[in-house]
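Here the structure is laid out as structure tokens; the discussion comes afterwards.
Just so we're clear, the structure is a prediction, and the values are computed from it rather than from any experiment.
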Amino acid sequence: RKFPIFFCLKYRFLAFLEHFEYFFPLYVTWGKKHRNFLLQESDWTQVPDSPLSDSKKAEWATYRQELRDMMTSVTNETEIGSVVWPTPPE
């Protein structure tokens, strides 16, 4: 007997949710890697010879601190979806 594709996808998704706690460390690891990438991409804003003004450097420093602090609040699988990524200054 063949099942419609939506049934198969729904079943796979439900099976995934059933074992979400096994995948949670992977999501946290991905979040930290993405955060580290964003920090690395904004390193240029904090060097002494950066073309930014002091006020813009302060905005970028605040953004970078928000990036560092954001993953410390993630402690279990119910909070992983509530992580809000900070917006970089323009």
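- The main-chain N or O of P51 is never found under 3.5 Å from a side-chain atom of K56 such that the two would form a donor-acceptor pair.
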Original post:
Should R64 and D43 be marked as a side-chain contact (heavy atoms from CB on, under 4.5 Å) after you check the CA-CA gap, both sets of side-chain angles, and the distance that decides it?
Top reply: CA-CA 9 Å; R64 290 167 54 83; D43 277 347; 3.0 Å; yes
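- N36 and Q40 share no donor-acceptor pair across their side chains, judged by distance under 3.5 Å alone.
- No donor-acceptor distance shorter than 3.5 angstrom exists from the side chain of S50 to the backbone of Q46, with no hydrogens or angles considered.
- Checked against ring pair (Phe, Tyr, Trp, His ring centres under 6.0 Å), W85 has the following partners two or more places apart in sequence or in another chain: H34.
- Here the closest non-hydrogen pair linking P86 and Y63 is O-CE1, 3.5 Å.
- Separating the CG atom in D69 from the CZ atom in R35 is a distance of 9.5 Å, to the nearest 0.5 Å.
- Note: W60 CH2 to L67 CG = 9.5 Å, rounded to the nearest 0.5 Å.
- Closest approach of K57 to P48, counting heavy atoms only: NZ-O, 3.5 Å.
- Using a 4.5 Å heavy-atom threshold, the side chains of L52 and W44 count as touching.
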**OP:** Decide yes or no on side-chain contact (heavy atoms from CB on, under 4.5 Å) for L39 and R68, but give the supporting numbers first.
**Re:** CA-CA 8 Å; L39 285 169; R68 288 186 193 96; 4.0 Å; yes
